[in-house]
Amino acid sequence: MPKIKIVPYKTIIIFDEIQECANARASIKTFVEDGRFDIIATGSLLGIRGYNIKIGKGVPTGSERIVYMYPLDFEEFLWAKGISYQIIDYLKECFIHKQSISRAIHESMLRYFKEYICVGGLPEAVNTFLATGDMNQVYQEQRDILEEYKDDFGKHLDSNENEEIDKTLLARIEEVFDSIPSQLAKQNKKFQYSKIKRNERASDYMKAIQWLVDAGIVSQCFNLTNLELPLEGNKEDNVFKLYMRDSGLFIGMLDKGTAGSILSGDLGIYKGAIFENIVADSFSKMGKKLYYFHKDSGLEIDFVTNFKNEVTLVEVKSTTGNTKSANTILENYKLYKVKNCIKLGEYNIGESTGKLAIPYYLAFLLSE
């Protein structure tokens, strides 16, 4: 490229899809030691363990800073729509001071949030929506992205960096992936291997699930044995739910026309799954690990999180449903040692008896 000028201390060099070349990644250390050029390396499959098995010069330990890129969260979606920073700051102030949001802004945000649920945060889908406002075109874009994802399932590079497909792993990844909508449509959303095939063993599918997690396509939400910090120390590794990392792609996995139903308020059997998935999506984009609490007695909390350094129950309500399980836990403080609960729904901001009700479009503020 003779017309390209690489100027020391003024040029950024970008290595795209760097996972395809082990020695390109190893070269980062040399660039860092040299110091004349800043390097940005990107890779859609960098998180897949063992993706590239070539014996190269090794990963440049101490020379990399890993930054995870996620689809747009709701705040970023508002930026893309051109909503003013003053409005967003106003929402944050209302949340901090637990003050009711004005009716006009509240209703507008509920409408925007339903758009966000349907569109998701992937740039191609967001751009299509902003350019056309046509949910049918957005849906087609989402279907295209899902097919592109499937093209990578089970792929890895051999010792010569030639592409190979593990056909057994490919089949199992597809089976897990395709089962997600039906898994979340159940009353008990715990992931069940029998929903894929009868008499299947967990060990046959754990690698496939881990592939989807490592690729950043799904998130695991683990059941807790106890409601105490640290939550990670109380999770059950083999009892979990799977959520899509982008709500728009989850909608893309459902029937065409689902977006129209969401915007009109008619959610059908997936209403609980849709709103739980968007909250899981919001938490994942904050870097939060996902947990829930279920007991055989029927007690179940949608999410449990560490908020302001305290165990906090999070209940997601697609309608104005009750919070019976949360009430049971809060009323038995001596047993559970939990005093905080956040209800997410179409509510305005309000607080009573240990429960903070906030509109689900403010879930992105629960990052503390």
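The structure displayed is predicted, hence computed values, not measured ones.
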Enquirer: For Leu157, is there any backbone N or O sitting under 3.5 Å from a side-chain donor or acceptor partner on Asn52?
Expert: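 Checked: no pair found.
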Enquirer: Before you tell me yes or no, could you show the steps for Lys81 and Leu130 under side-chain contact (heavy atoms from CB on, under 4.5 Å), namely the whole-Å CA-CA distance, both residues' side-chain angles and the distance that decides it to 0.1 Å?
Expert: CA-CA 7 Å; Lys81 282 182 66 71; Leu130 295 177; 3.9 Å; yes
Enquirer: Centre of Tyr347's six-membered ring, under 6.0 Å away, within 45 degrees of the axis: is that where NZ or CZ of Lys343 sits?
Expert: yes
Enquirer: Return yes if some donor-acceptor pair links the side-chain N/O of Gln142 with the main-chain N/O of Gly248 below 3.5 Å, else return no.
Expert: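 Confirmed, Gln142 side chain pairs with Gly248 backbone.
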Enquirer: What I want to check is whether the side chains of Glu175 and Tyr205 have a donor and an acceptor closer together than 3.5 Å.
Expert: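 There is such a pair (donor and acceptor under 3.5 Å, judged by atom type) between the side chains of Glu175 and Tyr205.
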Enquirer: Within this structure, what is the CG-CG distance for the pair Asn234 and Asn226, rounded to the nearest 0.5 Å?
Expert: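 One finds 5.0 Å between CG of Asn234 and CG of Asn226.
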Enquirer: Kindly indicate whether the side chain of Phe15, heavy atoms from C-beta on, has any atom under 4.5 Å from the side chain of Ile13.
Expert: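 Answer yes - side chains close enough.
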Enquirer: Distance-only, no hydrogens or angles: does the Arg143 side chain make a donor-acceptor pair with backbone N or O of Gly252 under 3.5 Å?
Expert: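 Yes: the side chain of Arg143 pairs with the backbone of Gly252.
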Enquirer: Yes or no on side-chain contact (heavy atoms from CB on, under 4.5 Å) for Asp302 and Val279, after CA distance, side-chain angles and deciding distance?
Expert: CA-CA 10 Å; Asp302 297 326; Val279 173; over 6 Å; no
Enquirer: Does the plane of the ring in Trp79 sit parallel, tilted or perpendicular to the ring in Tyr85? Use 30° and 60° as the thresholds.
Expert: tilted
Enquirer: May I ask you to decide if Lys54's main-chain N or O and Glu161's side chain share a donor-acceptor pair within less than 3.5 Å?
Expert: no
Enquirer: Apply side chain to side chain donor-acceptor pair (under 3.5 Å) to residues Thr305 and Thr312 and explain how you reach the verdict.
Expert: CA-CA 5 Å; Thr305 192; Thr312 302; over 6 Å; no
Enquirer: Using a 4.5 Å cut-off on heavy atoms from C-beta on, say whether the side chain of Val316 contacts that of Tyr360.
Expert: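 Result no, sub-4.5 Å side-chain heavy-atom pair not found.
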Enquirer: Verify the distance criterion only: is there a donor paired with an acceptor across the side chains of Tyr51 and Glu20 at less than 3.5 Å?
Expert: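 Yes - a donor-acceptor pair under 3.5 Å links their side chains.
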Enquirer: Given side chain to side chain donor-acceptor pair (under 3.5 Å), test Tyr243 with Gln220 step by step and report yes or no.
Expert: CA-CA 7 Å; Tyr243 292 105; Gln220 281 179 291; over 6 Å; no
Enquirer: Under 4.0 Å between a Lys/Arg side-chain N and an Asp/Glu carboxylate O for Glu64 and Lys29?
Expert: no
Enquirer: Kindly indicate, with the supporting measurements, whether the criterion side-chain contact (heavy atoms from CB on, under 4.5 Å) is fulfilled by Tyr112 and Leu78.
Expert: CA-CA 8 Å; Tyr112 296 152; Leu78 293 177; 3.9 Å; yes
Enquirer: Given salt bridge (charged side-chain N to carboxylate O under 4.0 Å, His left out), test Lys155 with Glu163 step by step and report yes or no.
Expert: CA-CA 7 Å; Lys155 186 170 81 172; Glu163 182 180 305; 3.7 Å; yes
Enquirer: Say you draw a straight line from CD1 of Ile251 to CD1 of Ile262; how long is it, rounded to the nearest 0.5 Å?
Expert: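 One gets 3.5 Å once the value is rounded to the nearest 0.5 Å.
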Enquirer: Is there side-chain contact between Leu254 and Pro181, with at least one heavy-atom pair below 4.5 Å?
Expert: yes
Enquirer: Examine Lys288 relative to Phe283 and say whether NZ or CZ is less than 6.0 Å from the centre of the six-membered ring and inside a 45° cone about the ring axis.
Expert: yes
Enquirer: Measure from the side-chain N and O atoms of Asp255 to the backbone N and O of Thr258, and report whether any donor-acceptor pair falls under 3.5 Å.
Expert: no
Enquirer: Any donor-acceptor pair under 3.5 Å linking the side-chain atoms of Gln210 with those of Asp214?
Expert: yes
Enquirer: Within the structure provided, determine whether Ser282 and Asp73 are in side-chain contact (heavy-atom separation under 4.5 Å).
Expert: no
Enquirer: To the nearest 0.5 Å, what is the distance between CD (Glu141) and OG1 (Thr128)?
Expert: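 These two atoms lie 4.5 Å from each other.
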Enquirer: Taking all atoms of both residues into account, what is the closest heavy-atom pair of Phe37 and Ile6, and its distance?
Expert: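 Looks like CE2-CG2, 3.2 Å.
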Enquirer: Give a yes or no on whether the backbone of Pro359 and the side-chain of His106 come within a donor-acceptor separation of less than 3.5 Å.
Expert: no
Enquirer: Would you mind telling me which of Ile301, Val304, Leu224, Val239 makes a side-chain contact (heavy atoms from CB on, under 4.5 Å) with Tyr292?
Expert: Val239
Enquirer: Measure across Ala208 and Val176 and return the closest heavy-atom pair with its distance rounded to 0.1 Å.
Expert: CB-CG2, 4.2 Å
Enquirer: Please walk me through it: do Lys189 and Glu276 pass salt bridge (charged side-chain N to carboxylate O under 4.0 Å, His left out)?
Expert: CA-CA 10 Å; Lys189 297 177 177 59; Glu276 279 190 36; 3.6 Å; yes
Enquirer: Would you check if Leu362 and Lys92 make a side-chain contact, meaning some heavy-atom pair closer than 4.5 Å?
Expert: no
Enquirer: Compare every heavy atom of Asp158 with every heavy atom of Ile53, then report the nearest pair and how far apart it is.
Expert: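 Answer, listing the atom of Ile53 first, then Asp158: CG1-C, 3.5 Å.
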Enquirer: Is the backbone N or O of Pro8 less than 3.5 Å from a side-chain atom of Thr11, with the two atoms forming a donor-acceptor pair by type?
Expert: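 Absent.
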Enquirer: Does Ile28 reach the side chain of Val32, with side-chain heavy atoms less than 4.5 Å apart?
Expert: yes
Enquirer: Taking Arg111's backbone N and O only, do any of them form a donor-acceptor pair with Lys114's side chain (distance below 3.5 Å, no angle check)?
Expert: no
Enquirer: Go through it in stages, so that I can follow the logic: the residues are Glu17 and Thr42, the test is side chain to side chain donor-acceptor pair (under 3.5 Å), and I'd like the CA-CA distance, side-chain angles, deciding distance and then a yes or no.
Expert: CA-CA 5 Å; Glu17 299 297 355; Thr42 69; 5.9 Å; no
Enquirer: Working note: Asp178 + Lys150, criterion salt bridge (charged side-chain N to carboxylate O under 4.0 Å, His left out); need CA distance, chi angles, decisive distance, verdict.
Expert: CA-CA 10 Å; Asp178 291 340; Lys150 290 184 177 182; 3.2 Å; yes
Enquirer: Are Phe77 and Tyr116 an aromatic pair, judged by ring center distance below 6.0 Å?
Expert: yes
Enquirer: Could you verify whether a donor N or O on one side chain and an acceptor N or O on the other, from Gln140 and Asp144, lie under 3.5 Å apart?
Expert: yes
Enquirer: Do the ring centers of Phe191 and Tyr193 come within less than 6.0 Å of each other?
Expert: yes
Enquirer: Ignoring hydrogens and angles, tell me if any N or O in the side chain of Asn23 forms a donor-acceptor pair with the backbone of Ala26 under 3.5 Å.
Expert: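 Flag not set: sc Asn23 to bb Ala26 has no pair under 3.5 Å.
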Enquirer: Backbone N or O of Thr328 within a donor-acceptor pair of the Asn332 side chain at under 3.5 Å?
Expert: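 Checked: pair present.
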Enquirer: With a 6.0 Å cut-off on the ring centroids, do Phe113 and Phe74 count as close?
Expert: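 Yes, they do, as the ring centres are separated by less than 6.0 Å.
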